[in-house]
Amino acid sequence: MSDRGDGAFLAAGGPARHVPVLREEAIAALSPRAGGVYLDGTFGAGGYSRAILAIPGTRVIALDRDPEAVEAGAGLAADNERFSLHHARFGMLEELAEASGVAAFDGIVLDIGVSSMQVDRASRGFSFRQDGPLDMRMSAEGPSAADIVNTAHEEDLANILYFFGEERASRRIARAIVHDRREKPFSGTRQLAEMIARVVPASPGDIHPATRSFQALRIAVNNELGELATALAAGERKLVPGGRLAVVTFHSLEDRIVKRFLYARSGRGEAKSRHLPNVAEAAPPTFTIEGRQPFVPGPDEVMRNPRARSAKLRVGTRTAAAARGPEPALKRLFELPTRKGR
């Protein structure tokens, strides 16, 4: 989970101070220049946008799928003519660029995952640390986690928990969900977390038994991996030669997608993957990867912000080669699994 913001911008609905994860590394990787146009694909509390805007003459187009984040950032948009903020998913970055009259970006930064502003508010339903509605919708629209838990077929639930949460006890948990919801539908985060803890007891020192299941449901509700795959392909099409793509991830599924995308596009590795379609070996590289990656937070940052401990930053530099074209399979592979999936 991420902390997108800066010291001057407090989280909506709470007193927590937000420190953007790997901000200095991400901004250094983007290397913003005066007159450049940049996209902040996950505005959050505005940490990346503010850092880019600090370079004179830069222009930033930011987006966030969370209406609360967009509302909170309205002041920055009103005060700075070089900045605009839009309510949209980062998978829509190409459409947003065209609507904003931007032919191509000099840099794109994506910060994947849920923000502290969302996690720390019980009413959003992302965390079981406090009891709240079983919601998890970043955009506050569409089916909620409760809708999935209470209506999905048992095997579909098992697939979601297994593929998106890497939960080994997925079938046992799915079976228990279906059994319990017959008597009382699931409506709260604590209700679901306690049920999972009952059927999958934890050993001393382990993470809470519901952690992986909550991650899986959040990813499914928001189609996070599909949005990421779509954004990576769109970023390839909308970056100028020499433009940088910087992506901060917070768990292994996200990082794996970014790594394999950049490796395939750079020619560094064409290993077959169940996550990405095969790429013709003769295709010229559309990205270069510099240095040893991923970049990870140092001990000082992790001490200041424990939520940064799992963050990874990967960066690619766009070449002059033509983009490899739209790949709808990228998105389809990360939509909700069906009973045929496993």
Side-chain angles (χ1 to χ4, degrees), residues 1-2 4 41-42 44 63-70 87-92 110-167 170 173-174 176-178 180-181 185-193 195-196 208 210-231 249-254 257 275 330-339 341-342:
M1 58 189 71
S2 57
R4 298 188 288 272
T42 35
L63 56 91
D64 202 295
R65 69 190 300 177
D66 189 334
E68 293 184 3
V70 175
H87 181 213
R89 304 182 306 275
F90 52 68
M92 300 169 62
L110 303 174
D111 186 345
I112 312 302
V114 63
S115 74
S116 290
M117 295 183 297
Q118 295 163 334
V119 170
D120 292 339
R121 294 192 62 181
S123 62
R124 301 301 300 273
F126 286 100
S127 173
F128 48 80
R129 292 181 303 177
Q130 305 176 67
D131 193 22
L134 192 59
D135 194 318
M136 302 191 190
R137 294 173 298 175
M138 292 181 181
S139 61
E141 59 186 15
S144 68
D147 292 327
I148 293 176
V149 167
N150 289 319
T151 64
H153 187 279
E154 179 180 326
E155 193 166 352
D156 290 346
L157 282 172
N159 284 335
I160 289 170
L161 301 182
Y162 180 79
F163 286 115
F164 295 160
E166 300 178 301
E167 173 56 71
S170 60
I173 295 171
I177 287 174
V178 171
D180 283 17
R181 76 188 185 189
F186 288 89
S187 60
T189 56
R190 187 166 295 166
Q191 177 191 6
L192 179 61
M195 187 282 295
I196 295 174
H208 191 284
T211 301
R212 294 187 181 89
S213 295
F214 269 65
Q215 170 189 296
L217 288 170
R218 191 201 78 220
I219 289 173
V221 166
N222 298 288
N223 188 26
E224 292 178 32
L225 303 186
E227 286 294 322
L228 173 57
T230 301
T249 61
F250 290 86
H251 63 69
S252 60
L253 290 176
E254 299 165 344
I257 294 169
H275 292 294
L330 282 171
K331 185 174 182 179
R332 286 201 306 271
L333 288 173
F334 296 104
E335 292 175 345
L336 291 180
T338 65
R339 288 192 293 277
R342 178 171 174 256

For a quick test of reading the model, state the closest non-hydrogen atom pair linking Tyr162 to Ser170 and the distance between them.
CB-OG, 3.6 Å

Are Met92 and Leu63 packed together at the side-chain level, in the sense that at least one heavy-atom pair is separated by less than 4.5 angstrom?
no

Is it the case that the side chain of Glu227 and the backbone of Gly91 share a donor-acceptor pair, with hydrogens and angles ignored and the cut-off at 3.5 Å?
yes

What is the distance from atom CG of Leu157 to atom OG1 of Thr151, rounded to the nearest 0.5 Å?
8.0 Å

When you measure from the side chain of Asn150 to the backbone of Arg181, do you find a donor-acceptor pair of N or O atoms at a distance under 3.5 Å?
no

Determine the minimum heavy-atom distance between Val149 and Phe186, stating which atoms define it.
CG1-CD1, 3.6 Å

Could you tell me which residues satisfy side chain to side chain donor-acceptor pair (under 3.5 Å) with Asp147, sequence neighbours excluded, listed by chain and number?
Ser144

I need the Leu228 CG to Arg89 CZ distance, nearest 0.5 Å.
13.5 Å

Are any of the side-chain heavy atoms of Arg65 and Asn222 separated by less than 4.5 Å?
yes

Do you know the tightest heavy-atom contact between Pro133 and Thr189?
O-CG2, 3.7 Å

Smallest separation among heavy atoms of Gln215 and Gly165, with atom names:
NE2-CA, 3.8 Å

Tell me every residue that passes side-chain contact (heavy atoms from CB on, under 4.5 Å) with Val70, counting only those two or more places apart in sequence or in another chain.
Asp64, Leu85, His87

Are any side-chain N or O atoms of Asp111 and backbone N or O atoms of Thr42, one a donor and one an acceptor, separated by less than 3.5 Å?
no

Enter the distance from Asn159:CG to Glu154:CD here, rounded to the nearest 0.5 Å.
11.0 Å

Over all heavy atoms of both residues, which pair between Val221 and Pro143 is shortest? Give the atoms and the distance, please.
CG1-O, 3.6 Å

Do Ile112 and Phe90 come close enough that some side-chain heavy atom pair is under 4.5 Å?
yes

Out of curiosity, His153 NE2 to Ile160 CD1, how far, rounded to the nearest 0.5 Å?
12.5 Å

Considering all heavy atoms of both residues, which atom of Ile148 and which atom of Ala220 are nearest to each other, and what is their separation?
CD1-CB, 4.3 Å

Side chains of Glu224 and Phe164 in contact at under 4.5 Å (non-hydrogen atoms):
no

Contacts of Ser252 meeting side chain to side chain donor-acceptor pair (under 3.5 Å) (sequence neighbours excluded), chain-then-number -> Glu166

Drop me the distance from Leu161's CG to Glu167's CD, to the nearest 0.5 angstrom.
7.0 Å

For the pair Ile219 and Phe163, evaluate side chain to side chain contact (heavy atoms under 4.5 Å, CB included) and give the outcome as yes or no after the intermediate values.
CA-CA 10 Å; Ile219 289 173; Phe163 286 115; over 6 Å; no

Using a 3.5 Å distance criterion without hydrogens, assess whether the side chain of Glu254 forms a donor-acceptor pair with backbone atoms of Phe250.
yes

Minimum side-chain heavy-atom gap Met195-Ile177 below 4.5 Å
yes

Euclidean distance, Leu225 CG relative to Ile257 CD1, rounded to 0.5 Å
4.0 Å

